[in-house]
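Written below as structure tokens is the structure these notes are about.
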Amino acid sequence: MIRLPYARRTRAVTLATTILAGFLLLAFAFSRCATPATSRAQAAPLNIVLILADDQGAHLSALGTPGIATPNVDALADRGILFTQAFAVVPSCSPSRSSINTGMYPHANGHWRNTITPLLGDPASQFGRASTRVDQVGIHEYIRTLPEVLAERGYFTAITQKFHMSPPWKFPYSVRNPVHNDPAEYERVIGEFIEQAGERPFFFQANVSPPHRPFKNDIAGRPELLPDTSALMVPGYLPAVPLVQLDLQEYFAAVQLADACAGGIIAALRAKGKLENTLIIYTSDQGAPYHRAKASAYAAGLHVPFVVAGPGVVHGQRSDALISLIDLMPTVLDYFGIPVPETVQGRSLRSLFAGEAKKVAGRDYLFGEHNSHGPPRSEHYPTRMVYDGRYYYLKNLLPGKSYLLPADLSEEKGWGNRAYRGTVEAAATHPRAYAFLRELESGRPAEELYDMANDPEQLHNVAQLPAYRQEKARLAAALEAWRKSSGDAFDDPAQIPTRQEAPLR
């Protein structure tokens, strides 16, 4: 150690003392300026909870849906952002959930239809490579999923209600629980998940079964949830007849139950002291369980509710930015500070959540697709969609093909669907609604174009009108460019590569 002469040492000590005092004063000043939220963020890691309803269209009282009350999600919107233009990329359960967990379109990740998967109550062995419930369709092996990436980083992950993703070993959640429709049980189970996480930051995919059919399975014994049928609005593609109105009454009762389940989840976070450092997202996997909605690429099949609140999210905002469910994975990873895999096709929404941007950078269009709901060839009906915020263009890739609706969209026995029968029986009194159903089943035009500003229910196809020629050409060109850039090479879904070990060259 070099020793200084006494006088120089004294001056050096005095100078050092002065500098140290200055630093202490600055540190004190900064600590006084720090907000409680900043202090909490430094003290506690960020957690994320995705609440995912099953088959809920864009129906919330906060969105102006008449006749219903969704106070828990509305309250979330009050302290966060309500997005009015959020869309799934596919209108069927399995491919939508896989698209969320890969950040990819179904034609790109290989999971293009619903698949056979384990139940969440099954033993752990069913979620590994020895599983006996493995479908031939699923995501490619080389794709890194959200739960895989989080597991690599030591995050605690959990999933509820149903799994529905293929193959099961590609989605290694830390724990699973089949709770599905009871708000009090959700509060208990989420509380247990938080305790199991310990000091680790967590990501929960809190799936909720309502409003999936059969509605009575969820709303039985809860008559208080049934709204007044006279206050409900019947969409224009369905007939306003008693059978349909009663069916919609049960659907909206189930929507209100989904909201109550969200309330139970939020209550658990609050009770465990995690609410202030948890980002909460509420959305749905696809649209409502009706023909010309779920299992179709019409807006009613892809338009979903989307609300976010939590640390760093602006309060009480409403956004019409075009956002997609494939944006969820890159958003989660961005918040966690984890690099996004190159395979991801979505974009982070963090700048929108923070109020730093009004739209996703570089995004002028949303894209979506439908290939098939289930395995049978009769259910294959490939469609591609592009939407610019006003005009909604559909390209039916096999337009002359007939289409068998999934059982839950047509059968009363087992599924409780009275809307299909109500539509068929109203053929004489409501011919237009009946015609929409028959066109859906017997083959649609090659191109469809809808002006959503003037026709939000998509009742008037203007694709062949000269006044819309320019808009149709623009959207068709954008769709073709997207198909090429995203690797959408096949019109027939049976040709889509699936469960590949390595990318095709």
Side-chain angles (χ1 to χ4, degrees), residues 37-38 40-52 97-104 108-109 111 120 124 127-129 138-160 163 165-177 189-207 265 268-269 272-281 283 308-313 324-354 502-503:
T38 303
R40 283 195 298 270
Q42 292 171 344
L46 178 73
N47 307 298
I48 299 179
V49 174
L50 170 63
I51 305 174
L52 189 66
R97 291 159 192 267
S98 287
S99 72
I100 289 169
N101 279 278
T102 60
M104 299 174 71
N109 70 22
H111 199 168
L120 289 188
F127 295 87
R129 291 184 180 272
I139 69 163
H140 303 308
E141 288 286 346
Y142 61 86
I143 293 170
R144 294 172 66 218
T145 66
L146 178 59
E148 284 181 318
V149 172
L150 295 180
E152 292 167 3
R153 296 294 183 119
Y155 282 77
F156 181 86
T157 58
I159 187 170
T160 63
F163 193 71
M165 295 175 290
S166 172
W169 53 83
K170 292 294 291 177
F171 304 91
Y173 289 89
S174 306
V175 294
R176 299 169 292 273
N177 191 294
V189 168
I190 296 299
E192 289 178 354
F193 285 168
I194 293 170
E195 291 175 0
Q196 289 174 280
E199 298 301 313
R200 286 181 290 171
F202 57 76
F203 171 80
F204 300 159
Q205 183 171 320
N207 300 326
I265 293 165
L269 292 167
K272 296 295 183 180
K274 299 294 185 181
L275 187 62
E276 295 303 314
N277 63 302
T278 299
L279 186 75
I280 304 171
I281 299 169
T283 187
V308 61
V313 180
S324 171
L325 293 193
I326 61 168
D327 298 332
L328 285 170
M329 177 174 174
T331 300
V332 169
L333 296 181
D334 189 5
Y335 269 94
F336 284 152
I338 300 174
V340 178
E342 293 182 1
T343 52
V344 168
Q345 296 168 311
R347 313 280 186 83
S348 173
L349 303 176
R350 186 172 182 175
S351 62
L352 275 71
F353 293 177

For this session: Verify side chain to side chain contact (heavy atoms under 4.5 Å, CB included) between Leu52 and Arg97, making sure each step is shown before the conclusion.
Result: CA-CA 9 Å; Leu52 189 66; Arg97 291 159 192 267; 3.7 Å; yes
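- Formation of a donor-acceptor pair under 3.5 Å by the Thr160 side chain with backbone atoms of Asn177 is not found in this model.
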Problem set entry | Stepwise side-chain hydrogen bond (donor to acceptor under 3.5 Å, both in side chains) check, Thr157 with Ser174 | CA-CA 5 Å; Thr157 58; Ser174 306; 3.3 Å; yes
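- In this structure Phe336 satisfies the ring-ring contact (aromatic ring centres under 6.0 Å, His included) test together with Tyr155, sequence neighbours excluded.
- Between the side chain of Asn277 and the main chain of Pro45, a donor-acceptor pair closer than 3.5 Å is present.
- A distance of 7.0 Å separates OG1 of Thr278 from CD1 of Ile194, quoted to the nearest 0.5 Å.
- For the residue pair Ala206 and Ile265, the shortest heavy atom distance occurs at CB-CD1, 3.7 Å.
- In terms of heavy-atom proximity, Ala108 sits nearest to Ile143 at O-CD1, 4.5 Å.
- Annotation: the span from Leu333 atom CG to Leu150 atom CG amounts to 6.0 Å, rounded to 0.5 Å.
- In this view, Thr331 satisfies the side-chain hydrogen bond (donor to acceptor under 3.5 Å, both in side chains) rule with no residue, not counting sequence neighbours.
- Residues Pro341 and Val149 meet the side-chain proximity criterion, which asks for heavy atoms closer than 4.5 Å.
- Using a 4.5 Å heavy-atom threshold, the side chains of Ser348 and Val332 count as separate.
- Nearest approach of Leu146 to Met329, heavy atoms of both residues: N-CE, 3.6 Å.
- By the side-chain hydrogen bond (donor to acceptor under 3.5 Å, both in side chains) test, Tyr173 pairs with Asn101, Gln205, sequence neighbours left out.
- Among all heavy-atom pairs drawn from Glu141 and Lys170, the shortest one is O-NZ, 2.7 Å.
- Rounding to the nearest 0.5 Å places CG of Asn207 at 13.0 Å from CZ of Arg176.
- Here Ser324 pairs with nothing under the side-chain hydrogen bond (donor to acceptor under 3.5 Å, both in side chains) rule; sequence neighbours left out.
- Between the OG1 atom in Thr283 and the CG atom in Leu325 there is a gap of 4.5 Å [rounded to 0.5 Å].
- Residues forming a salt bridge (Lys or Arg N to Asp or Glu O under 4.0 Å) with Arg347 (at least two apart in sequence, or on another chain): none.
- Summarising the geometry of Ser166 relative to Ser98, their closest heavy-atom pair is N-OG, 4.2 Å, with the distance given to 0.1 Å.
- The shortest distance between side-chain heavy atoms of Thr343 and His140 does not fall below 4.5 Å.
- Scored by the salt bridge (Lys or Arg N to Asp or Glu O under 4.0 Å) test, Arg350 finds Asp334 as partners (sequence neighbours excluded).
- Every residue two or more places apart in sequence or in another chain that forms a ring-ring contact (aromatic ring centres under 6.0 Å, His included) with Phe204 is listed here: Phe193, Phe202.
- In this structure, Ile326 CD1 and Ile100 CD1 are separated by 10.5 Å, a value rounded to the nearest 0.5 Å.
- With respect to Leu279, the side-chain contact (heavy atoms from CB on, under 4.5 Å) criterion is satisfied by exactly one of Val49, Leu50, Ile48: Ile48.
- Residues satisfying the ring-ring contact (aromatic ring centres under 6.0 Å, His included) criterion with Phe163, sequence neighbours excluded, are Phe127.
- In this view, Gln196 satisfies the side-chain hydrogen bond (donor to acceptor under 3.5 Å, both in side chains) rule with no residue, not counting sequence neighbours.
- Closest of all the heavy-atom pairs between Ser99 and Met104 is CB-O, 3.1 Å.
- Considering CE of Met165 and OG1 of Thr102, their distance stands at 10.0 Å, rounded to 0.5 Å.
- Residues Asn47 and Phe156 form no side-chain contact, since every pair of their non-hydrogen atoms from C-beta on lies 4.5 Å or further apart.
- Residues satisfying the salt bridge (Lys or Arg N to Asp or Glu O under 4.0 Å) criterion with Glu195, sequence neighbours excluded, are Lys272.
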